[in-house]
Structures are given as structure tokens and as C-alpha cells.
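Hydrogens, waters and symmetry mates play no part in the numbers below; they use all other heavy atoms, side chains included. Throughout, a chain's letter reflects where its sequence line sits, starting with A, and its residues are numbered from 1.
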2 protein chains.
Amino acid sequence: MKNLLSALKISVPDKIFIKDPETSELGKRIVENSIILINDIGFESFTFKKLGTRICSNESSIYRYFESKHKLLLYLSSWYWAWLEYQLVLETYSITDADEKLAKAVLIVTRMVKEDSNFTHINEVLLYKIIVNESSKSFLTKEVDIENKEGYFEVYKRIIARIGEMISAVNSDYPFALSLASTIIEGGLHQHYLKEHFPSISNYESGKTPTNFFVQLIKSTIK
Amino acid sequence: MKNLLSALKISVPDKIFIKDPETSELGKRIVENSIILINDIGFESFTFKKLGTRICSNESSIYRYFESKHKLLLYLSSWYWAWLEYQLVLETYSITDADEKLAKAVLIVTRMVKEDSNFTHINEVLLYKIIVNESSKSFLTKEVDIENKEGYFEVYKRIIARIGEMISAVNSDYPFALSLASTIIEGGLHQHYLKEHFPSISNYESGKTPTNFFVQLIKSTIK
DNA sequence: CAAATATAATAGTATTACTATCAAATACTA
DNA sequence: TAGTATTTGATAGTAATACTATTATATTTG
């Protein structure tokens with residue numbers, strides 16, 4: 001299975017970057033190490049200067065790939081959603097039963113992330129942590145409407161639309177398919193966050209994911 | 001009803017501020033105008049210098065009330081949650097039926113905010129917009145665990161616990177009362193955000209709130 | 001009226017988030 | 001293989017940010 005998809009490239013809207021980091025060694029090092037560094041010190045403290053030092057390169061070289069650290073965060077977010085979408089398609093493609101398909105989708109979207117050896121320069125486990133902790137900051141800005149028009153969030157919207165369709169396939173009369181889909185996606189991230197930082201308002205034992213919570217929720221809601 | 005509660009003061013954890021802004025004219029002007037200015041230009045562009053200019057006061061004077069703009073955001077968030085809690089208590093107190101009480105709570109937490117004349121220096125409608133757009137940034141930081149220990153998020157946690165209890169009152173066997181409560185609270189904010197900025201992945205007609213979506217969701221989930 | 005407290009004004013600092021320029025290394029092409 | 005283009009690196013510079021520190025001036029309170 002692994003090598004079956006080794007030629008695959010995750011596609012990120014190309015307006016997000018100045019130069020595609022996938023096309024060079026330096027670009028890949030930028031992405032790889034930005035994930036590690038953002039995880040380490042948080043997005044607020046993260047700077048291109050620090051990243052430059054870490055990869056023994058120059059601040060100005062990083063600016064040739066990404067206009068700003070905000071754009072880099074958009075890149076990482078889009079990459080994650082595209083990667084998740086590819087898993088979603090791959091793992092639900094052959095399921096014909098609508099209920100089963102949706103349950104599988106919820107599992108994929110709320111489970112603990114494992115490393116994917118198809119993309120060696122990206123640590124998906126760390127990237128997922130960034131998505132949980134930082135990805136909201138990519139759209140909670142004053143520029144969101146402009147950037148939305150530019151297509152920066154299309155992968156994110158597409159995955160929600162896809163899950164929305166799976167919900168409608170189970171019950172075409174349910175009127176809130178998209179709202180429920182986005183609630184699962186964002187709620188999944190948020191529940192992972194709460195589990196880690198606010199366990200007193202959480203209902204998960206250690207090692208458990210919110211998958212069961214969401215599977216039961218979605219089933220009873222659209223039944 | 002209005003004047004019945006005019007002596008009420010919303011209580012915010014006092015470690016959040018250096019000097020309580022409620023105790024002086026300048027303090028109230030700081031809070032009042034920070035709400036307007038953050039709404040206007042966004043939290044990232046907001047600075048104490050700009051706020052100082054706006055209120056014809058000095059940057060250094062604002063620093064005597066709040067250590068940083070992050071602390072100010074924590075203050076505004078806590079104020080909002082405390083205000084919401086007071087509404088929750090007030091409006092559900094006399095309801096004895098557990099189902100009805102919970103439905104009312106969901107309504108309060110997901111509805112459109114109206115101005116409250118009890119607190120003249122705070123524009124609750126604008127404050128709610130800040131909560132939708134910026135409040136996640138108050139806890140999505142590297143310092144969250146330290147600040148949580150300091151009690152900065154206690155109001156937020158209390159309101160979730162309260163709704164969790166209402167859920168358990170309806171069905172004491174439901175195992176995810178707190179998770180569901182936090183999903184409603186955060187999901188409510190997020191759905192309001194999507195309605196505004198990503199209508200293509202939203203299911204609400206203009207003027208409509210996500211209340212119906214959540215009332216139906218919660219009812220069927222815990223039934 | 002004196003003393004304490006609050007506010008204002010000014011200056012200063014390290015860092016950030018860039019932009020601009022130029023040189024050196026590397027790759028590609030005739 | 002020389003010539004050209006592209007990429008990267010090094011350095012410098014800038015306006016703004018997020019503060020701290022100091023001193024002066026109001027204002028409140030005892």
C-alpha cells in the first residue's frame with residue numbers, strides 16, 4: 001500500500017506560496033523544520049530568522065518561498081487538509097453502505113494521527129499538533145474574506161463539503177448536513193485540545209479519542 | 001428587570017488585571033474603547049499605543065491596568081463568559097423541567113447577543129463579535145497550562161460545567177456531558193463565524209442562528 | 001494643607017517583520 | 001566549455017511593536 005502511492009503529491013493552492021517548497025531541497029527543509037519549530041516554541045514566537053538559524057540558511061531565502069509566517073501557516077494547514085482528504089477518499093472509497101461510510105469518515109477525522117512514510121519531510125504527528133493548536137489562527141484574521149476569495153481555504157471547505165455529502169447520503173432530509181460536518185471537523189480538533197489542556201471539562205480517559213463521542217452524536221442526530 | 005440588577009458587577013478573576021478597570025473612569029474608557037478598536041482593526045493590529053491615542057491617554061497609563069494586550073483579551077473573554085453565566089442562571093432559574101431548562105440554555109448560548117443596558121461602558125454586541133473572532137487566541141498559546149493553573153479560565157470552565165450538569169439532569173447515563181457542553185459552546189461561536197465568512201459551508205438562512213441546529217442535535221444525542 | 005496616588009510625557013531597548021542590494025554558488029544551455 | 005540564468009547567502013536598513021524606566025504633573029484623600 002505504501003509504495004503504491006509514492007508518486008503522489010499533496011496539492012496546495014499555489015497562491016499560498018511564492019515558490020513551491022516541494023521543488024527544492026531548501027524548500028523541503030523549510031517546511032520540515034517549520035513544523036518542528038512551531039511545535040516547539042508556538043506560532044507567536046516563531047520567526048523566519050529563528051527558522052533560518054535552525055536550517056543553517058538565511059532569513060531572506062525563506063522569504064523567497066513564503067511571503068510571511070501567516071502564509072506558511074496557511075500552507076501547513078492546507079497541506080494537512082489535503083492529506084486528510086486523501087486518506088478520507090482512500091479509506092472510504094470501497095465502502096458502499098452509507099452509514100458505514102460516514103462512521104468511517106468520522107473515525108478518520110477524529111482519530112489520533114499516525115506518521116505517513118509517503119511524505120518523509122513532513123512529520124504528520126507534529127503537524128496534527130499544529131493544526132490543533134494553531135490552525136484557527138490561519139482564518140481568524142481581518143483578511144479572511146480577501147484570502148477566502150483568493151482560494152486559500154478551498155481544501156478545507158472541500159473536505160467539509162465531502163463529509164456533508166456523506167451525511168446527506170444517509171439522510172437526505174436532514175437540513176444541517178454542512179453545519180454538522182464542520183462541527184465534527186472543528187469539534188474534533190477542539191476536543192483533542194481540551195483533553196490535553198483542560199481535562200476537567202473533558203470526558204475522555206487517557207489514550208482515548210473523541211471518536212466514540214462523535215460517532216454516537218452524528219448517528220443519533222441524523223437518524 | 002433592568003434596574004433590579006443595576007448593582008451587579010461582573011466578576012473577573014483578579015489576577016488577570018494589575019488594577020481593576022472597573023474602579024476608575026480611565027479603566028472603563030480603556031475597556032470600552034478596546035472593544036471598539038479590536039473590533040475595528042483586529043487583535044493582531046491592536047496596540048496599546050493606538051488605544052492610548054483613541055482615548056486621549058497614554059500608552060504607559062494603560063500598562064498600569066493590563067500587563068499586555070493578551071491579558072486584556074483574557075479580561076474581555078472572562079467578562080463575556082461571566083455575563084453569559086449570569087444570563088444563564090437568571091433565565092433558567094425558575095424552570096423546573098430538565099428538558100426545557102436545557103433547551104433554554106442552548107438558546108441562550110447560541111442566540112444573537114443583544115445589548116445589556118446594565119453595563120453602559122460595554123457594548124455586548126461588539127464584545128460578542130470579539131469572542132467569535134478572537135477569543136480562541138486567548139487560550140491557543142504556549143502559556144495555556146501555566147495560565148490555567150493561575151485560574152484565568154475558571155469562568156469559562158464553570159459555564160461548561162454548568163451546562164454539563166444540565167445535560168446530566170436530562171440523562172444521567174449519558175457519558176459525554178462535558179464534551180457535549182463544550183461542543184455546544186465552541187461550536188456555537190464557530191457556526192456564527194462560518195455563517196459570516198464561509199457561507200458556502202453553512203446551512204443558515206440570513207438572520208437565522210444555529211440555535212435550531214444545536215437544540216435538535218442535543219436532544220437526539222442524549223435521548 | 002500635606003501626603004499619597006494616579007496619570008501623562010518622554011525616552012529608551014530589543015525584537016519583529018519585513019525590503020533592498022549585491023555577491024557567490026550552482027544549474028542549465030548553446 | 002564558456003556564458004547565462006537562477007538560486008542562495010550575507011549584510012544592511014527600516015518602521016513598528018511591545019514593552020520598561022524615569023520624571024513631572026495632576027488629582028484624590030486623610
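- With a cut-off of 3.5 Å on both pairing distances, the Watson-Crick or G-U wobble partner of C:dA30 is D:dT1.
- When rounded to the nearest whole Å, the span between CG of B:Leu51 and P of C:dT7 equals 14 Å.
- In the displayed structure, A:Lys15 atom NZ is contacted under 6.0 Å by at most 12 heavy atoms of other residues, nucleotides or ligands.
- OP1 or OP2 of C:dA8 sits under 4.0 Å from a side-chain N or O of B:Ser57.
- Atom NZ of A:Lys71 is surrounded by more than 12 heavy atoms from other residues, nucleotides or ligands within 6.0 Å.
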*Could you go through the salt bridge (Lys or Arg N to Asp or Glu O under 4.0 Å) check for A:Glu91 and A:Lys104 one step at a time?*
CA-CA 8 Å; A:Glu91 295 188 42; A:Lys104 182 74 183 188; 3.7 Å; yes
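- The CD atom of A:Glu25 sits 17 Å away from the C1' atom of D:dG9 (whole-angstrom rounding).
- Here the C1' atom of nucleotide D:dT8 and the CD1 atom of A:Ile18 are 15 Å apart, to the nearest Å.
- Here C:dA6 presents its P atom at 14 Å from CZ of B:Phe17, a figure rounded to the nearest Å.
- To the nearest angstrom, P of C:dA17 lies 13 Å from CG of A:Leu73.
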*In B/S/- notation, 5' to 3', how is nucleotides 12-30 of chain D contacted by protein heavy atoms closer than 4.0 Å?*
-----SSBBB---------
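- For A:Lys142, the NZ atom counts as densely surrounded, since its 6.0 Å shell holds more than 12 non-hydrogen atoms of other residues, nucleotides or ligands.
- Counting non-hydrogen atoms under 4.0 angstrom, A:Tyr65 reaches the backbone sugars and phosphates but no base.
- The separation between A:Asn58 atom CG and C:dT19 atom C1' is 13 Å, rounded to whole Å.
- For the pair A:Phe66 CZ and C:dA17 P, the interatomic distance rounds to 16 Å; values are reported in whole Å.
- To the nearest angstrom, C1' of D:dT7 lies 9 Å from CG of A:Leu26.
- Nearest heavy atom pair, residue A:Ile201 against residue B:Lys157, reads CG2-O, 3.8 Å.
- Contact check for A:Asp20 versus A:Lys9: side-chain heavy atoms found under the 4.5 Å cut-off.
- Ring geometry for A:Trp83 versus A:Trp79: interplanar angle under 30°, hence parallel rather than tilted (30 to 60°).
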